[in-house]
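Here the structure is a predicted model, which is why all the values come from computation and not from measurement. Because only heavy atoms are used, hydrogens play no part in the values below, and waters and symmetry mates are left out as well, while side chains stay in. Order of the sequence lines fixes the chain letters, A, B, ..., with proteins taken first and strands second; residue numbering starts at 1 for each chain.
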Protein chains: 2
Amino acid sequence: MIQSVDRSIRILTALQGARRMSLSEIAERLELPPPTVHGIVRTLVAHGMVVQDHTSGRYQLGPAVLRLGNVYLDTLELRSRAVTWAEELGRRTGFAVRVGVPLAEDVIIIHHEPRPDGTRQMPEVGIVIPTNASALGKAMLAFLPDAADQLLAGPSLRSMTGETITDPGEFRKQLDDVRASGLAFECDEAVLGESSVAGTVFDGTDLAVGAVAIVVPTSEWPVDDGTVDAVRTTARTVSRELGASRWPAG
Amino acid sequence: MIQSVDRSIRILTALQGARRMSLSEIAERLELPPPTVHGIVRTLVAHGMVVQDHTSGRYQLGPAVLRLGNVYLDTLELRSRAVTWAEELGRRTGFAVRVGVPLAEDVIIIHHEPRPDGTRQMPEVGIVIPTNASALGKAMLAFLPDAADQLLAGPSLRSMTGETITDPGEFRKQLDDVRASGLAFECDEAVLGESSVAGTVFDGTDLAVGAVAIVVPTSEWPVDDGTVDAVRTTARTVSRELGASRWPAG
DNA sequence: AATATGATTCGGCATTATCGAATAATGCTC
DNA sequence: GAGCATTATTCGATAATGCCGAATCATATT
């Protein structure tokens, strides 16, 4: 791990949490002397990864990170394969669809298909949700044993609502169920009033690379078997397109 | 400029251009020995900025850059102010609307309002267009003299189509026109069949921070005065919301 | 099985980044 | 509007750090 590169990424991550920070705030947060931080930040600014507000002197993320993010989406094979099937799933079930991949202890949404009923919704691509509080996360974690152990080895499971699973034993038990079926469920665990059903997606090496989920208002929960089937079919189809030999794989 | 941080960003930029690269390809591109690149890449991988394909060993951008890009959009005041007015502009003119900010010698799209006629379109947020080949770019450059000089000091203006302005004299002349009116025009210069009208957006310090544009099929070009007026009004309104004292400022 | 290609590890060396101290810039207070 | 406080930035000596040649390991190819 090379020190200054590691520090530069931690600076970006700090700015990601706090939007705008003065140099000394960043320095304090990372427990580094201001001149050290300054050197790194200057380099980031030179590349547009960070911009400095002319008036306040504070720093924030810059446009170059947006370009990187956009290119990332373009390179993702999972995304290009999933888009058409996500649309199909949305049409069939009438619910919004999300496709996500793991990012440390979170899931990051790489595609979002709004509810077909035309409800005006926020675009959700790029947002992150704790793995333990989402069906998407559980669907992936069940087939990524290392990641699951790592998460459970941490201090504690992050709680988002009163319904979030925070007990490690209960969590492991749920993962066992997911491993058997390839499907994960969640009711009010991330956001109150929002539940979801997710299916794991595997790639050509039969490893879990992501998950696809429908987002259901809790008022319409639980969903019928046909809807669950549609999620299963979508996850299986996308996996097959990526070259997976069986579903669920693992 | 800190060497290793600079190199790490150049690695990310290389991956941005070539999607997937082997370690030695990256090393060759940056003219560095493979072990040097390896150390940096390892650090990037540890943070999810880059991922390594299990089978081929090749590297590509990772999900962490997407999160950064998403947070960048959230922090941008220009974007939050512009969305509602972009929607209004789209409704009034019937054309797709783009909002962009400068990024080195390009414009990067930070908001895209699709044509209201419901035509299924690619989401364009995050794509970049050369400043000299777009109305958005000209609208910004006219009020950023340093950036314009820097661009013209370069080897030559990038040509995208046969219509792209590549003559420095002609380009300067166009910028003079933009400076007088606050509006920039472009016909087939970036993409054949696509033309646009852009207005400069200024912030509370009366500096150009971005531009808003409508995208017009060349078959409907030129547009009528009312449409041009609508772009002017939108650019002026957004600038005022950001605290600009007059329009065009500069 | 042998070879070639490319990824990764190791470690000594010199470049390089680090950080204390000083300076400049900015904003606040009275 | 002067003086003070806060914060950003520059400079440079120091030694810590990352760099990269050589060796090793893993994988693909013939």
Rounded to whole Å, please give me the gap between [atom1] in [X] and [atom2] in [N].
X     : N      : atom1 : atom2 : result
A/D6  : D/dG18 : CG    : C1'   : 13 Å
B/I11 : D/dG18 : CD1   : C1'   : 13 Å
B/H54 : D/dT27 : NE2   : P     : 13 Å
A/H38 : C/dA24 : NE2   : P     : 15 Å
A/I2  : D/dC19 : CD1   : C1'   : 9 Å

Item to check | salt bridge (charged side-chain N to carboxylate O under 4.0 Å, His left out) evaluation trace for A/R172 with A/D176 | outcome: CA-CA 6 Å; A/R172 280 192 194 281; A/D176 289 339; over 6 Å; no
Notebook entry, point to check: For B/Y59 and C/dT8, is the shortest distance between a side-chain N/O and OP1 or OP2 below 4.0 Å?
Noted result: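 Indeed, a polar side-chain atom of B/Y59 lies that close.
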- Item | Phosphate OP1/OP2 of C/dT9 contacted by B/R42 side-chain N/O (<4.0 Å) |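 For B/R42, the contact criterion (side-chain N or O under 4.0 Å from OP1 or OP2 of C/dT9) is met.
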Describe the nucleic acid contact of [X] in one word from base, sugar-phosphate, nothing, applying a heavy-atom distance below 4.0 Å.
X     : answer
B/L23 : base
B/T36 : base
A/P35 : base
B/R7  : sugar-phosphate
A/S24 : sugar-phosphate
A/S56 : nothing
B/Q52 : sugar-phosphate

### A/S4 vs A/G57, nearer the 5' end of DNA chain D by closest nucleotide
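Comparing both residues, the 5'-ward one is A/G57.
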| said: On DNA chain D, does the nearest nucleotide to A/M1 precede the nearest nucleotide to A/M21 from the 5' side, or the other way round? Give the residue. | reply: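 Its nearest nucleotide lies further toward 5', so the answer is A/M21.
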Worksheet item: Checking side-chain contact (heavy atoms from CB on, under 4.5 Å) against B/V71, which of A/V128, A/L61, A/L66 comes through?
Response: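 Only one option passes, and that is A/L61.
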- Task: Could you check B/I109 against B/L136 for side chain to side chain contact (heavy atoms under 4.5 Å, CB included), going step by step and ending with a plain yes or no?
- Result: CA-CA 9 Å; B/I109 308 299; B/L136 281 172; 3.6 Å; yes
Candidates C/dT18, C/dT8, D/dT7 - which lies nearest the side chain of A/S22 =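 From the listed options, D/dT7 comes nearest.
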Select one nucleotide: of D/dT7, D/dT17, D/dT10, the one nearest the side-chain heavy atoms of A/Q3.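 Looking only at heavy atoms from C-beta outward on A/Q3, the closest nucleotide is D/dT17.
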| Judged by atom type as modelled, is there a donor-acceptor pair below 3.5 Å linking the side chain of B/Q52 to the main-chain atoms of B/G57? |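 Checking the backbone N and O of B/G57 against the side chain of B/Q52, a donor-acceptor pair under 3.5 Å is found.
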